[in-house]
Number of protein chains: 2
Amino acid sequence: MTPLTDKAPKFTRDLPEARRKQLIEATARSLARHGMEGTTVRVVAAEAGVSPGLVRHHFAGMHDLIAETYRWTGKEVDRALRASLAAAEQTPEAQLRAFVDSSFSEPMLDTDLLGVWLTFWSLTRTDPEIHAIHGKVYAGYRRRLEELIRELAVERKLKVDARVASLAFTALLDGLWLEHCLDASTFTAREAAMIAHDWVDNLIAGRFLAGAKQALSA
Amino acid sequence: MTPLTDKAPKFTRDLPEARRKQLIEATARSLARHGMEGTTVRVVAAEAGVSPGLVRHHFAGMHDLIAETYRWTGKEVDRALRASLAAAEQTPEAQLRAFVDSSFSEPMLDTDLLGVWLTFWSLTRTDPEIHAIHGKVYAGYRRRLEELIRELAVERKLKVDARVASLAFTALLDGLWLEHCLDASTFTAREAAMIAHDWVDNLIAGRFLAGAKQALSA
DNA sequence: TTGTGTATTATACAATCGTAAAATAATGAT
DNA sequence: ATCATTATTTTACGATTGTATAATACACAA
């Protein structure tokens, strides 16, 4: 049974880049399934199918791996969003609609993503490095929305504070996304999308903060 | 220096109820400051000024203490909200406005509260007991809002789906609250309140899901 | 003042954590 | 075919985790 001449490798080597990616993806899966406390060096290694020691060979430590996983997840979400927008019609409204639709369909609806995101939000409060990453991720996230709303305002000749509108929009999307993923039994992804589209309807109709201008200087 | 007749007690006894409350509050502070991973039996005990062993004397275990802290925090938030509503005018609109205002002022704005809440949200995904508590807390939370919107609709003769409207409202509030507490530099609590009040404005004007009825049955 | 209950502390223990170091072996170059 | 590189595994260590148990001593009743 034991091969004499032919030897089966005990493990296969991989390029550092590829291995790092595998470990990052394993970390994301672990964070989603077991949370922060359940995500240990050994669990991640087992999930990736490698030995625990390999983690410290490719990353400075567990903390570094977590931070790197945040950066990767952020880029992944950004990539999915960007792809949806690219596939849609290149008008401000169509882009906003595409943003809504992709926010409430795969792979965004993956409840695992929320698990990962929640631990990052939680870490944001205590960890300065994670906090910095969070700032960058959300800055890009909102900058794009703000720009879309600004273009929409010009196109439709609307008087809207693009910054505040983008804040309201992201808050609504995040809130809907959060609560749907937390407990999908309360409302469907379709209802969430409907609510968000309705917000866009009102924005286009010039009904966002239409009568509250004086509240700003009050 | 050492007192001969007068003896200083090494510790003071307390009623189980009082001690449990102290430990729960210490747990909340620890969750806010150090997150889930940093909240250990010893840290909580130190925060409460008692010995680590006392935790297991009053609670079945660390997990039980966390769950109990969720129940307590949920009631505490509910109490603060209820007090604000009671102090406000007893009309549906005034009640909704009070709900908004108290959501973006002390003690709700306490960034520590978000820290606690985030760990609970995170636990909701993996822990069945925490998930059940979450369901109860949010059910009451939304039931009150749904009822207020229903009353508002009757009073103003509006055709609104109170259930969906309450979902949108809580999502907007939670999203604004979450993102403001995560990074207070992006927008102020006042702006958050302004956005939420604007949503109420549009609701009263009958502009919530005004043109999307057919989308429901599509 | 002397007991009695039990809240509280003190100590101990097995399990698991992140990390460090050495041993091994797969892979490409010579 | 042999070597050198280094990705990977293996083993080990100190620190910390939650929990269990025993010892202590506060508070109250008699």
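So you know, we letter chains A, B, ... as the sequences are listed, proteins then strands, and number each from 1.
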Tell me what B:Val50 touches on the nucleic acid: a base, only sugar-phosphate, or nothing, going by heavy atoms under 4.0 Å. sugar-phosphate
Between C1' on D:dT8 and CZ on A:Phe59, what's the gap in Å once rounded to a whole number? 15 Å
5' precedence on DNA chain D between B:Phe11 and B:Val43 (nearest-nucleotide basis): B:Val43
Under the salt bridge (charged side-chain N to carboxylate O under 4.0 Å, His left out) criterion, do A:Arg82 and A:Asp78 qualify, and how do the steps go? CA-CA 6 Å; A:Arg82 212 176 278 270; A:Asp78 190 71; 3.0 Å; yes
Taking atom CZ as the centre, does B:Arg143 end up with more than 12 heavy-atom neighbours from other residues, nucleotides or ligands that are less than 6.0 angstrom away? no
What nucleic acid atoms does B:His63 come within less than 4.0 Å of, heavy atoms only: base, sugar-phosphate, or nothing? nothing
In whole angstrom, give the distance that lies between atom CD of B:Glu37 and atom C1' of C:dT16. 15 Å
Whole angstrom is fine here: how far is it from CZ in B:Arg13 over to C1' in D:dA25? 7 Å
Between D:dC28 atom C1' and B:Asp14 atom CG, what is the distance in whole Å? 15 Å
Report yes or no: is there a donor-acceptor pair, N or O only, under 3.5 Å between the side chain of B:Arg56 and the base of D:dG18? no
If you define the side chain from C-beta out and look only at heavy atoms, does anything of A:Met108 sit under 4.5 Å from A:Leu81? yes
Just how far, in rounded Å, is P of C:dT6 from NE2 of B:His58? 13 Å
Contact under 4.0 Å: B:His57 side-chain N or O vs D:dA20 OP1/OP2: no
From CZ of A:Arg19 across to C1' of D:dA7 the rounded distance in Å is 8 Å
Can you tell me the distance, in whole Å, between the CZ atom of A:Arg42 and the C1' atom of D:dT17? 13 Å
For residues A:Tyr70 and A:Asp127, is any side-chain donor paired with an opposing acceptor at under 3.5 Å? no
May I ask you to verify if any side-chain N or O of B:Thr12 is less than 4.0 angstrom from the OP1 or OP2 atom of D:dC26? no
Answer with base, sugar-phosphate or nothing: what part of the nucleic acid does A:Ser51 contact at a heavy-atom distance below 4.0 Å? base
DNA chain C: 5'-proximal contact among B:Leu54 and A:Thr39 (nearest heavy atom): B:Leu54
Rounded to whole angstroms, how far apart are CZ on A:Arg20 and P on D:dT8? 12 Å
Of the nucleotides C:dT27, D:dT8, C:dG18, which has the atom closest to the A:Val41 side chain? C:dG18
Full working for salt bridge (charged side-chain N to carboxylate O under 4.0 Å, His left out) between B:Asp14 and B:Lys21: CA-CA 11 Å; B:Asp14 227 331; B:Lys21 186 180 175 184; over 6 Å; no
